[in-house]
Amino acid sequence: MNQAPHGGDLRKLAAICGLPPEHILDFSASINPYGPPEWLRPLVSRNVSALRHYPDPEATACREAAALRYHENPDGVLV
């Protein structure tokens, strides 16, 4: 049997196995086989206009929220 390269080519694997792609759970890449959670779709839709900008490279808001939650200094939080 030929080994498939790492990375999740579901269409090719499905063709080799004679299965529809939705019947294969792929753990070869960081892909969630169940798709995004239902709460995420409306959140992304509400914020889609912000996708034209790169996120904050320092992850300032995320680091500050984590620091507040865990009672740490934001400078000690790595994202």
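Being a predicted model, the structure only gives us computed values, none of them experimental. Here, residue 1 is the first one in the sequence, and each next residue gets the next number.
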S.K.: How close do Pro20 and Ala14 get, heavy atom to heavy atom, and via which atoms?
M.R.: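 Distance-wise, the nearest heavy atoms are C-CB, 4.1 Å.
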
S.K.: If you look at every heavy atom in Leu43 and Asn47, which pair is closest and at what distance?
M.R.: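 Heavy atoms only, the tightest pair is O-ND2, 2.8 Å.
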
S.K.: To the nearest 0.5 Å, how far apart are CG in Leu10 and CG in Leu19?
M.R.: 11.0 Å

S.K.: A side-chain contact here means heavy atoms from C-beta on lying under 4.5 Å apart; do Arg11 and Asp9 qualify?
M.R.: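 They are in side-chain contact.
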
S.K.: Do Asp75 and Arg63 make a side-chain contact, defined as non-hydrogen atoms from C-beta onward lying under 4.5 Å apart?
M.R.: yes

S.K.: Please say whether more than 12 non-hydrogen atoms of neighbouring residues, nucleotides or ligands are located less than 6.0 Å from CG in Leu51.
M.R.: yes

S.K.: When clusters are formed by joining ILVMFWY residues with side-chain heavy atoms under 4.5 Å apart, either directly or through shared neighbours, do Leu40 and Tyr34 land in the same one?
M.R.: no

